Amino acid sequence: MKHIRSPFVLTALAALIAAAIAPTHLHAAPLTAKPQGTERLSALLVRQGWLPGLVAPEYRLGSLLVLAPSSADAIEQQMARDRAIQNLRMANRNNAALQQVLLKVGTMPVNGRLELESTDANHLQVRSEFDPVLNSSYTVVLPQATNTVTVLSDLGTCVVPHQATASAKAYVEACIGKQSAWKGWLGIEMPMDWAWAANPNGQVAKLAVNGWNEQAQGGPAPGSWLWAPSRKVEGDEKQHQAIAAFLATQGEYVQAQQAAPAATEQKALLPEFDVAEPKPLETGEPWYLSSSDWGVVGVLQTPTARMRPAGSYSATFSRTSPYSRYSFMLQPFDWMEAGFRYNNLTNQKFGVSTTNTDQGFKDKNFDVKFRLMQESAHLPELSVGFRDVAGTGLFSGEYVVGSKRVGSVDFSLGIGWGSLGAGGGITNPFKALGDSFETRPNASFGLGGTVDTNTFFKGPAALFGGAQVQLPWEDWVLKLEVDGNDYQSEPFGDNQEQKTNVNVGLLHRVNDYMDFTLGYERGTEVMVALSFHEKLNTFGTPKLSDPPSPKVNEAAPTGPVSWPAVLEELKQQTGWVATQVQGDEGELKLIIDEADAGYWQYTIDRATAVLHKHAPAEYAWFNYEYRAKGQKISQHIVDRNLWVRQRTTLLPNAWRDMPATKQRERVKYPYQTLHLNPQSPWNTSVSAGYRQILGGPDGFILYQLSALGNVSYEITESTVASGRVRAALLDNFDKFTYTAPSNLPRVRTFQREYATTSDFTIPNLQLTHYGKLGSDVFYTAYGGLLEDMFAGVGGEVLYRPMNSTVALGLDINSVKQRDFEQDFGLRDYQVNTGHATLYWDTGFEDILVKTSVGQYLAGDKGATVDLSRVFDNGVKMGAFFTRTNVSAEQFGEGSFDKGVYVTLPFDAFFTQSVAGTANLVFNPLTRDGGAKLSRSVELYDFTNARDPRLLTYRNPAAQ
C-alpha cells in the first residue's frame, strides 16, 4: 500500500506542540531512526521532530546521514574506495605510515550514504526530486556534534579541535608541525601541497595548504575529515579524491566512533584564532593574476609565466607615452594564452587618409604564450612566449620566463630577446648553438603578417623580472619590475629616454572583472591601464523571464488531451512550433519545425514537462523529431519514466546520472497522426544590424547601425524564396575615404565603395532548394543575390552521419560581382569558386578542426584551416588562416589571410532563453586573397542538431 503523507504544515505544528509540552523528550531523541514502511525523508524528519530550530544543540541537523548499506550506492562507494587504496598501496610500498592510514580507511564501514540536497524538511517537501523515498533497510542518523577536525596523513593522524576561522593549512600544520624557517620563507611551509576536505554534509573540496599555492578559502566545517597526503606519496588526483569522497560518507557519527583517543593525538591550534562563523569553502584561482601593459598576464612591461584559467578573456587599454595599446587576449586552454593588439603610435601618422590626416599610426600585433611547466613546491611555473609574432614585427620579441610564489609575493624572472631584450646585458644563451644567434636579422616591416622564425631568440638578450605583492588590503597589489628593454631600438627610430629600468605600479581591483593600474615607467612616464577580464566558459544568466516550467508530478494525467492547447503551451515554454503530433504503442512523437535552442537539454526538459503534464500514461517515450525545410535533421528520444523519477525521487547515483534523453535515429513505426498544426508559408522579421571596421587610416572605429528587414516564403516544403533589405540609420562612414591598393581582382577591397554608395541595399535575395540523398547526405541548390558583393548560382552537398565526429562537405558556385549600390546591377568580374571541407571534432581538448581546400573569389587556390574550442556553455574560441598560391607581394599588407574569433550563445546574456549566437571576429585586414563567398546557408550549421555534443552544453546560471 502506498504510504499516505500528512500535510507538512499539520505535522510540523504537531511537532512544535510536542516540543512545547515535552522538551526533555526532544533532547532525548534517538540518534537513529528507521522509516515506517515506505516513507519520504521529509516525513521522517517531521515525525522525529528533527527540524531546524527544534533539534537539541548537541546534535547537528546539517550532518544528517541516510545510510543504505545494501544499496547500489554502497557497492559503488566500496569499489571506488578499494580501487583507490589498492592503487596507492602499490605505488607506495615503502611508505609504511601511508599503508597504516590506508588500512584504517579500509576498515571503515561501507554505509551507502545518500547524497542529500538538503536536510530541511520544508525544502524537501517543495523539491520532491531531492526528497528520497526510504524503505525499511535504510537508517537515518542524527549525529552528535563532534566539534573537531580529523586529519589523516602519512605524516600524522590527529583529532584537532575545530576553530571557526582556521584554514585547512592550520589544521594540517597543527597535526604535523611546521617546516624549518628557511623553507617557510620560501613559501614551502609543510611537506604537502594539497588537502581534500570531506565535510560532514558529504561534500568534498580540494584545498591548497602551502605558502606557494595558498588560496582565499574558508575553513573546514566542524566534524570534517582532512585527507592530506604528503608530497612523497605517489598517486594521481583521482585516487585522493576517491579517498576523500569515501571519508565524506562516514560523517560525524562514524568519526566519533573511529577517533578513539588511544589511537590519535589531541593537539591545539597555534596560534589562537578569533571566533567567527565559518566561511564557505572556495577553491577559485588566485585573484592576483592580472594583465600587463601589453594585455598578456604579467607585471607592467614584462610578462610572467602565469596563465588565466581556460575559457578566460581579457581586454586591456593602457597608455604610456607615446604608446596607447588596446589588447584582447583569449585563453582557449590552460596552457595557452593568445590574442591580438593595436599599438597606437601617437607621434607617428598613417599619412594615407584624406579625412583624418592626424590619426596616429596603428600597428597590429598577434601574441601567443605557452606554458611549459606548472609550478610545484620547489619548481617555478615556466612559459615561453612570442610578442608581435605575426604582425609587422615592429615590436617583435621572444621570452622564456618563470614564476614562483612565496606567500603573498609572486616573483618572476625571465630572459627576453627582440623588444624584450634590447637592453642587453647578458650573453645570448643560444649562442652555444651557433654564432648565428649572436645577431638578430633586421625584420622586414613592409608587408607584415608573416611569422619570421629566422629572428627567433637571436640578437641581444636581457634579463627581466618582477614581483607582485598582495598588500594587506585585499583589493590592492603592488607591482615592481626590472625591464629588459632600454628603448633605444624603437620603431621608426623614435627612441625614448629611460632614466631607470625599474618600473613600479599599483593595481586596484575595482571588482571581480575589472582592474585599474597606475604606474611610473622608464623613470619619465606615468602609465594608466584599465583591464577587463571574465571566464567566458562559466558565463551564464539565470532565466528569470522564462515562464515557470510545469510542476512534475509522479503520476501521469488521465482524461482527453486538447492538442492545440498543448502545442500552444509548448511554444510558450520553448519557442518550438510542432506541426504534427503522432503516436504509436508507447511512443508520442512531435514534429518540430525549424527547431533551435540556446541550450538544447534545457529546452527539451521544458518540452518534456509540458508533455508529461498532458500526455496519457500509455506513452512511455517522447520523441522530438526536428525538421527544417522539409528535411528530417535529427531526433531526441526521452525515457519518460526515468525522466520523471529523476525529478521526483532521489535515485542512486547510477540512475541519477543516467541520461534520460538520447540522440539517435528511431525505427520507423507506423505512427498514427493525432493532430496537425499547419503553419503559414510566410515568415517576416525586423532586426538591427551592426557593422564596424577597426584600425583603418580613416579612423580607429568606423561603424554603421542599420535596420534589417527579413522575409521568406515557402514555395514548397523544401523550396524557399528569401531576402533581406538594409536601411542605414547611423554611421560615421562619411570619414571612410581610403581604398587599399591591391594586386589581385578586387573581390573584397572595394569594401568602402560597397559600404558608402547607398543607404538602402539588398544584401540577399535568393531561391534555395533543400534535399537529402539518403539518411546522412544533405544538399542545397541556390541562386540569386547571394551576399553584399556577389550574385550567382551554386550548391552544396554534406555527408554528416548522426552523432558522428566527422563530416565532409563540398560547395560549388559560379558568381558575378554586384554593383556598389547593391541593387540588381552587376559588374563585369565573374569567377567560379568552391571548396571541399572536412569537419572533425577531435575529442582532444574539445578542439574542432575545419579544413577547406579549393578556389577563392580572386581565382587563387589554396586551403583554409580553422581551429576552435567549444566549452561546456557553448562559448567558442577559434583562429583561422588561409594560404593560397598567391605570393605575399601579390597579397599585399598582411601577407596572408588570418584572424581570431569568439562565438557567444545569446542565451548566456539574456534572462529569457534565446537561440542563436553572436560572432566576434578580428580579421586584421580586408584583402582580396583567400576570400570566400559568404553563403547565407551552410549545411554544417543547418544540421547542427546532429552534433554529438549538443546535449552536453549547459547554461551554468540556469541549473
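These numbers were taken from a predicted model, which means no experiment stands behind them. Basis for what follows: all heavy atoms, side chains included, without hydrogens, waters or symmetry-related copies. The first residue of the sequence shown is numbered 1, and numbering continues consecutively from there.
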Would you say Phe516 has more than 12 foreign heavy atoms packed within less than 6.0 Å of its CZ?
yes
Salt-bridge test for Asp483 and Arg522: reply yes if a basic N is under 4.0 Å from a carboxylate O, no otherwise.
no
Is the distance between the ring centroids of Phe361 and Phe492 less than 6.0 Å?
yes
If only side-chain N and O atoms count, and only distance matters, is there a donor-acceptor pair under 3.5 Å linking Asp193 with Asn210?
yes
So, are Arg869 and Asp846 salt-bridged, with charged N and O less than 4.0 Å apart?
yes
CA sep, side-chain torsions, deciding dist, call: Phe736, Ile693, side-chain contact (heavy atoms from CB on, under 4.5 Å):
CA-CA 10 Å; Phe736 198 177; Ile693 300 166; 3.2 Å; yes
Donor-acceptor side-chain pairing of Glu481 and Thr302 below 3.5 angstrom:
yes
If we ignore hydrogens and angles and just use 3.5 Å, is the side chain of Ser383 paired with the main-chain N or O of Ala305 as donor and acceptor?
yes
Do the charged groups of Asp897 and Arg927 touch, with an N to O distance under 4.0 Å?
no
Closer than 4.0 angstrom, basic N to acidic O: yes or no for Lys404 and Glu375?
yes
For the residue pair Phe456 and Trp417, is the inter-centroid distance of their aromatic rings smaller than 6.0 Å?
no
Please examine the side chains of Thr517 and Ser531, heavy atoms only from C-beta on, and report whether any two atoms are closer than 4.5 Å.
no
Phe891 ring center within less than 6.0 Å of Phe896 ring center:
no
So, do Tyr703 and Phe733 have ring centers that fall under 6.0 Å from each other?
no
Inter-residue atom distance Phe437.CZ - Lys458.NZ, 0.5 Å rounding
5.5 Å
Test item: Tyr520 and Met527 side chains (from C-beta on) under 4.5 Å apart, heavy atoms:
no
Hey, are Glu398 and Arg440 close enough for a salt bridge, meaning a charged N less than 4.0 Å from a carboxylate O?
yes
Check for me whether the distance between the ring centres of Tyr326 and Tyr342 falls short of 6.0 Å.
no
Given the rule in the side-chain contact (heavy atoms from CB on, under 4.5 Å) test, do Phe922 and Phe366 qualify, once you have shown the distances and angles that lead to the verdict?
CA-CA 11 Å; Phe922 171 69; Phe366 279 94; 3.9 Å; yes
Cation-pi, Trp294 ring and Arg325 (6.0 angstrom, 45 degrees)
yes
Measure from the side-chain N and O atoms of Glu490 to the backbone N and O of Leu394, and report whether any donor-acceptor pair falls under 3.5 Å.
no
Any donor-acceptor pair under 3.5 Å linking the side-chain atoms of Ser412 with those of Arg306?
no
Flag if over 12 foreign heavy atoms under 6.0 Å of CG, Asp734
yes
Check whether the ring centres of Phe532 and Tyr313 lie less than 6.0 Å apart, and answer yes or no.
no
Closer than 4.0 angstrom, basic N to acidic O: yes or no for Arg341 and Asp367?
yes
